[in-house]
Amino acid sequence: MDEGSAKIVCYNLNVEPRYYVCVPFTDLLRRPSEPKIQNYFDRKRLTQLLYNEEVRIIRNEGEWCFVEAPEQLSFRQRRRWAPYRGWVKMNALRKTCGVNRVNAVVISSFTSVKGKTGPFYIPFGSRIFVRYMTDGSLFFLEEEGEGYLEPSKISLLNCEIRNERKAKDPVTLALTFVGCKYLWGGRSPSFLPTEKSIGLTGVDCSGLVNLVFRGVGIDIPRDAHEQFMKAKKIKGSELEKGDLIFVSSKERGKIDHVMIYCGDGFIVEASGKEGKVRYLSVKDGLPVDPKKVDNKLFHFKDTTFYFGRFVKENENKGDRDKKTEDTS
């Protein structure tokens with residue numbers, strides 16, 4: 001086709017409706033019923049879905065719908081890699097005939113924009129679409145709310161917006177969760193900018209890891225054992241900032257805890273025992289210094305520790321070292 005000639009664009013008018021979360025977050029539950037009491041360790045909570053996260057409805061049952069969450073993969077549920085499945089309230093979803101455009105991910109606790117009835121809060125990890133304005137600000141426009149966003153509160157997922165800031169690393173993002181409440185199945189910060197309650201908030205160990213890697217543009221599974229399955233296995237002596245330490249107890253027979261190595265002998269973890277996310281020395285959290293382990297695992301009593309790494313596609317160790325030098 002000659003330069004300047006007209007282009008023919010074809011539209012598919014038979015697009016299947018898609019559903020997206022239209023509230024700050026919502027619980028994905030084992031059964032279609034809300035808990036009678038608020039319990040931070042309620043095992044009926046499988047995970048949490050974030051604002052603008054896609055869901056696929058499998059069937060409806062009154063005000064509830066049984067869905068799968070393609071942005072959260074699980075191997076355990078169906079013995080193959082497939083989206084997490086569970087129940088959500090229908091009023092937590094909105095329908096649209098098309099694919100949501102996203103170009104940014106929220107990396108602050110809760111970002112506030114103007115809503116129909118007041119402030120609307122978008123939690124950490126939500127993928128959204130922003131427009132770059134001529135004055136250098138970012139503008140969010142969606143059915144649930146609109147408003148200007150501070151560039152420091154988001155990380156851009158691609159280079160379509162000029163003046164892109166360098167993405168933060170997993171450790172920097174993980175440290176923003178220190179003090180956050182522990183919530184079984186949680187994927188939401190507990191630092192609300194208002195006293196208004198929008199449900200139980202918090203993170204569990206793998207929810208924390210899932211969120212911080214989502215914040216740097218890396219998709220990893222939802223649960224600790226599946227994160228271990230997908231991670232590149234490394235030696236303890238090879239640990240770098242942002243690598244993971246996995247824990248398996250003989251009693252459980254699988255990976256049941258995960259921590260983020262922060263470098264310089266420190267880790268971040270969401271601890272159910274402590275009831276919060278904490279930053280601590282490996283001397284206080286592990287029986288040995290993992291950097292002294294020249295192996296991909298070590299045993300201590302009835303517990304086994306493993307080490308893993310996630311990096312972006314096409315990013316090798318040389319790239320990581322260069323980034324470290326550029327930001328030092």
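Basis for what follows: all heavy atoms, side chains included, without hydrogens, waters or symmetry-related copies.
With sequence neighbours excluded, the residues forming a side chain to side chain contact (heavy atoms under 4.5 Å, CB included) with F139 are M133, L141, E146, Y148, listed by chain and number. Scanning for side chain to side chain contact (heavy atoms under 4.5 Å, CB included) contacts around C22 gives R94, E144, with sequence neighbours left out. Qualifying side chain to side chain donor-acceptor pair (under 3.5 Å) partners for T96, counting only residues two or more places apart in sequence or in other chains: none. Qualifying salt bridge (charged side-chain N to carboxylate O under 4.0 Å, His left out) partners for R127, counting only residues two or more places apart in sequence or in other chains: E71, D219. Not a single side chain to side chain donor-acceptor pair (under 3.5 Å) links D264 to another residue, sequence neighbours left out. Residues that satisfy the salt bridge (charged side-chain N to carboxylate O under 4.0 Å, His left out) test with R78, not counting sequence neighbours, are E68. With sequence neighbours excluded, the residues that form a side chain to side chain contact (heavy atoms under 4.5 Å, CB included) with Q77 are L46, S74, Y84, R85. Contacts of K235 classified as side chain to side chain contact (heavy atoms under 4.5 Å, CB included), with partners at least two apart in sequence or in another chain: S237, E238, D294, K296. Residues forming a side chain to side chain donor-acceptor pair (under 3.5 Å) with S281 (at least two apart in sequence, or on another chain): none. With sequence neighbours left out, the salt bridge (charged side-chain N to carboxylate O under 4.0 Å, His left out) criterion links E274 to R278. Qualifying salt bridge (charged side-chain N to carboxylate O under 4.0 Å, His left out) partners for D289, counting only residues two or more places apart in sequence or in other chains: none.
Although no hydrogens or angles enter the test, the distance criterion places a donor-acceptor pair under 3.5 Å between the side chain of R30 and the main chain of R43. No donor-acceptor pair closer than 3.5 Å links the side chain of D223 to the backbone N or O of H225.
More than 12 heavy atoms of other shown residues, nucleotides or ligands fall within 6.0 angstrom of atom NZ in K89. Few gaps surround NZ on K233; more than 12 heavy atoms of other groups in view lie less than 6.0 Å from it.
For the atom pair NE2 of H257 and CD1 of I245, the computed distance is 9.5 Å after rounding to the nearest 0.5 Å. Atom OH of Y19 and atom CD of E54 lie 12.0 Å apart (nearest 0.5 Å). Distance OG1/T111 to CD1/I128: 7.0 Å, rounded to 0.5 Å. Separation of atoms CG (L173) and CG (L208) is listed at 10.0 Å; rounding is to 0.5 Å.
Here the side chains of E143 and Y20 are not in contact, with every heavy-atom distance at 4.5 Å or above. At least one side-chain heavy atom of L244 sits less than 4.5 Å from a side-chain heavy atom of I260. Contact of the V171 side chain with the V268 side chain is not registered, since no non-hydrogen atoms from C-beta on lie closer than 4.5 Å.
Separation of the F300 and F305 ring centroids does not fall under the 6.0 Å cut-off.
Taking every heavy atom of both residues into account, Y306 and S248 meet most closely at CE1-CB, 4.0 Å. Here the shortest heavy-atom pairing between P35 and D42 reads CB-OD2, 3.5 Å.
Under the 6.0 Å distance and 45° angle rule, K153 does not count as a cation-pi partner of F124.
D204 pairs in a salt bridge (Lys or Arg N to Asp or Glu O under 4.0 Å) with only one of the listed residues (K276, R45, R222), which is R222. Of the listed residues (Y51, F120, F129), just one forms a side-chain contact (heavy atoms from CB on, under 4.5 Å) with E142, and that residue is Y51.
A ring pair (Phe, Tyr, Trp, His ring centres under 6.0 Å) check over residues 27-48, counting only residues at least two apart or in different chains, returns the pairs F41-Y182.
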